[in-house]
> 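Sending over a structure as structure tokens; questions will come in a sec.
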Amino acid sequence: MPELPEVETIKLDLYKLIVNRKIVAVEVSLLKQIKNPLKYFLKNIVGVKIKQIKRRAKNLFLELDNGYFLVFHLKMTGQLIYRSKKGWLAGGGHSIRQDLKKLPNKYSHVIFTFENGARLFFNDMRQFGWVKLVDKKELEQMFKKIGPEPLDKGLTADKFMALLVKKKTAIKSLLMEQDFVAGVGNIYASEACFCAGIAPIRQANSLSPSEAKKLLLCLKKILRLAIEKKGTSVVDYVDAFGERGQMSRFLKVYGRVSQPCLKCGIPLKIMRQAQRTTVFCSHCQK
DNA sequence: CGGAGTGTTAGTCG
DNA sequence: CCGACTAACACTCC
């Protein structure tokens with residue numbers, strides 16, 4: 001599930017709950033989900049306080065007060081769920097089946113316990129996600145080749161156009177490349193192309209300056225809306241406050257194949273691009 | 001039951 | 001450079 005807006009939502013939800021909390025215990029039940037030697041991982045986390053929680057692209061990371069950083073990538077099905085000592089929940093990630101709301105469950109691979117008795121569960125059904133403890137240098141290294149944050153004011157239409165002209169790749173695939181722009185995945189790349197009236201297979205360098213500008217504005221608008229709506233819930237995702245990400249109501253193409261285009265009414269089409277599904281309108285997107 | 005498809009991304013091959 | 005394809009994995013849907 002998580003693209004930029006979903007990771008941002010998790011960050012905002014967790015922010016007031018875990019900043020200034022001290023981690024007093026860590027349990028790891030699936031070693032491959034941590035990308036460090038276990039000893040090193042534990043030694044530098046247990047007994048340490050969380051100073052900040054931040055996001056870069058789809059990475060969520062905790063800044064610890066010993067100078068290290070704990071980086072999470074949720075990939076397809078990762079979740080970060082906070083449970084207070086009294087039992088209420090926060091956080092989110094991939095949809096939670098009713099019977100898996102019990103925590104820990106069979107997908108709880110790493111569990112952090114705080115000094116106030118609350119716990120943070122890193123769950124991942126498909127096990128593609130990971131968590132890695134890094135120092136500042138390694139953190140910079142990890143993020144060095146990631147492209148600009150799409151919501152950064154510094155990413156202007158001129159800069160976006162300058163990036164586009166260097167690329168012949170299909171525009172929709174390009175939007176999903178993390179070293180081009182950060183945090184955009186299949187849902188929001190599809191939506192941005194529809195919003196801008198641009199066919200997903202158009203070569204990036206074939207976009208006119210006005211098309212590029214429109215595409216960037218669309219992307220920013222959609223991402224901001226998605227954050228406001230607390231992300232997209234593809235299945236019956238319920239976040240842990242018992243609230244649902246509302247963004248799926250606002251999607252115009254993703255998941256709507258064969259349904260009428262909301263601009264012109266003809267049925268939306270589907271195609272495969274780079275092994276990913278793209279839904280689009282053959283009439284409105286040129 | 002089998003096969004295709006799923007929010008990601010690193011990597012290979014031609 | 002670029003697109004196609006695979007692999008990592010568990011589960012749902014048809």
Side-chain angles (χ1 to χ4, degrees), chain A residues 1-10 29-35 55-60 71-80 91-100 105-109 122-132 141-147 163-192 200-206 222-223 226-227 229-239 244-245 247-248 250-251 253-258 270-279:
Chain A
M1 164 206 191
E3 297 184 33
L4 185 155
E6 290 77 27
V7 178
E8 184 70 14
T9 299
I10 296 170
S29 52
L30 187 62
L31 268 180
K32 69 169 185 181
Q33 300 239 223
I34 64 169
K35 304 221 291 182
R55 180 192 59 76
R56 174 80 171 102
K58 299 171 193 169
N59 299 277
L60 191 72
V71 187
F72 295 85
H73 199 301
L74 303 178
K75 291 288 185 97
M76 301 276 269
T77 55
Q79 310 174 322
L80 271 176
H94 179 260
S95 66
I96 309 168
R97 277 213 328 261
Q98 204 63 23
D99 57 323
L100 292 174
N105 59 44
K106 62 191 281 206
Y107 308 120
S108 303
H109 304 311
F122 177 55
N123 303 337
D124 190 357
M125 183 179 75
R126 289 176 75 178
Q127 305 176 11
F128 295 169
W130 47 260
V131 48
K132 185 174 189 182
Q141 190 66 26
M142 280 175 88
F143 294 164
K144 197 174 68 180
K145 58 182 196 318
I146 298 179
L163 293 173
L164 285 182
V165 296
K166 291 186 279 189
K167 298 287 186 178
K168 288 187 179 172
T169 319
I171 185 65
K172 187 251 182 177
S173 307
L174 186 63
L175 289 176
M176 294 169 59
E177 284 178 23
Q178 301 304 298
D179 46 7
F180 180 70
V181 280
V184 181
N186 201 25
I187 297 176
Y188 299 109
S190 305
E191 294 296 321
I201 50 165
R202 281 275 299 281
Q203 283 193 358
N205 65 1
S206 76
I222 290 165
L223 292 174
I227 293 169
K229 300 299 172 191
K230 297 177 120 326
T232 298
S233 301
V234 171
V235 245
D236 341 304
Y237 167 80
V238 178
D239 90 3
R244 205 173 263 274
M247 186 59 192
S248 46
F250 296 86
L251 299 179
V253 285
Y254 182 87
R256 294 194 66 248
V257 65
S258 307
I270 192 165
M271 65 182 298
R272 299 286 290 176
Q273 265 184 303
Q275 297 304 108
R276 308 301 299 280
T277 295
T278 305
V279 181

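Heavy-atom basis, side chains included; hydrogens, waters and symmetry copies ignored. Every chain is numbered from 1, with letters handed out A, B, ... down the list of sequences.
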> Any donor and acceptor pair, going by atom type alone, linking the side chain of Glu6(A) with main-chain N or O of Glu3(A) inside 3.5 Å?
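Yes; at least one donor-acceptor contact below 3.5 Å.
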> Would you indicate, yes or no, if dG7(B) has its OP1 or OP2 atom less than 4.0 angstrom from a side-chain nitrogen or oxygen of Tyr188(A)?
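False: Tyr188(A) side-chain N/O out of range (4.0 Å or more) of dG7(B) OP1/OP2.
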> Does Lys106(A) have a side-chain nitrogen or oxygen under 4.0 Å from the phosphate oxygens OP1 or OP2 of dA10(C)?
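So the side-chain polar atoms of Lys106(A) never come under 4.0 Å of the phosphate oxygens OP1 or OP2 of dA10(C).
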> With a 4.0 Å cut-off on heavy atoms, is Ser173(A) in touch with a base, just the backbone sugar-phosphate, or nothing at all?
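It contacts nothing in the nucleic acid.
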> For Lys168(A) and Gln275(A), find the nucleotide of DNA chain C closest to each by heavy atoms; which residue's nucleotide sits nearer the 5' end?
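Per heavy-atom nearest nucleotide, the more 5' residue is Lys168(A).
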> Check whether Thr278(A) reaches the backbone of Arg272(A) with its side chain - one donor and one acceptor, N or O, closer than 3.5 Å.
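Judged by distance alone, no pair lies under 3.5 Å.
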> Could you tell me how far dA8(C) sits from dC1(B) if I compare only their C1' atoms? Round to whole Å.
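dC1(B) and dA8(C) have their C1' atoms separated by 25 Å.
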> Examine distances only and state if a side-chain atom of Gln178(A) and a backbone atom of Met176(A) form a donor-acceptor pair shorter than 3.5 Å.
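Yes: the side chain of Gln178(A) pairs with the backbone of Met176(A).
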> Do Asn123(A) and Lys106(A) have side-chain N/O donor and acceptor atoms under 3.5 Å apart?
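No donor-acceptor contact under 3.5 Å links the two side chains.
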> From C-beta outward on Ala170(A), which listed nucleotide comes closest to its side chain: dT9(B), dG3(C), dG7(B)?
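Comparing dT9(B), dG3(C), dG7(B) against the side chain of Ala170(A), the answer is dG3(C).
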> Taking dG3(C) as the reference, what is the distance to dG7(B) when you measure between their C1' atoms (whole Å, please)?
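Looking at atom C1' only, dG7(B) and dG3(C) are 22 Å apart.
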> Can you tell which of dC2(C), dT8(B), dC11(C) lies closest to the side chain of Lys75(A)?
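Shortest atom-to-atom distance from the side chain points to dT8(B).
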> Please lay out, stage by stage, how Ile146(A) and Asn59(A) fare under the test side chain to side chain contact (heavy atoms under 4.5 Å, CB included).
CA-CA 11 Å; Ile146(A) 298 179; Asn59(A) 299 277; 4.0 Å; yes
> With sugar-phosphate meaning primed atoms plus P, OP1 and OP2, does Gln273(A) contact a base, only sugar-phosphate, or nothing at under 4.0 Å between heavy atoms?
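No contact.
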> To the side chain of Thr169(A), which of dG3(C), dT6(B), dT8(B) is closest?
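The listed nucleotide nearest to Thr169(A)'s side chain is dG3(C).
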> Determine, step by step, whether Val253(A) and Ser190(A) satisfy the side chain to side chain contact (heavy atoms under 4.5 Å, CB included) criterion, reporting the C-alpha distance in whole Å, the side-chain angles of both residues, the deciding distance to 0.1 Å, and the verdict.
CA-CA 7 Å; Val253(A) 285; Ser190(A) 305; 4.2 Å; yes
> Classify the side chain of Arg126(A) versus the base of dT6(B) as yes if they form a donor-acceptor pair under 3.5 Å and no if they do not.
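Yes.
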> How far does the C1' atom of dT8(B) sit from the matching atom of dC1(C), given to the nearest Å?
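Result for the C1' pair: 23 Å, nearest Å.
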> Write down the partner of dG7(B) under the Watson-Crick or G-U wobble criteria, each distance required to be under 3.5 Å.
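With both distances under 3.5 Å required, dG7(B) matches none.
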> Calculate, to the nearest 0.5 Å, the distance between atoms CD and CD1 belonging to Glu8(A) and Ile10(A) respectively.
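Nearest 0.5 Å value for the CD-CD1 distance: 10.5 Å.
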> Give each protein N/O atom lying under 3.5 Å from an N/O atom of nucleotides 12-14 of chain B, with the pair distance.
none

> I want to verify a distance call: between dC2(C), dG5(B), dA8(C), whose nearest atom is closest to the Lys32(A) side chain?
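The answer is dA8(C).
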> For dG14(B), give its Watson-Crick or G-U wobble partner with both distances under 3.5 Å, or none.
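For dG14(B), the partner nucleotide comes out as dC2(C), under the 3.5 Å rule.
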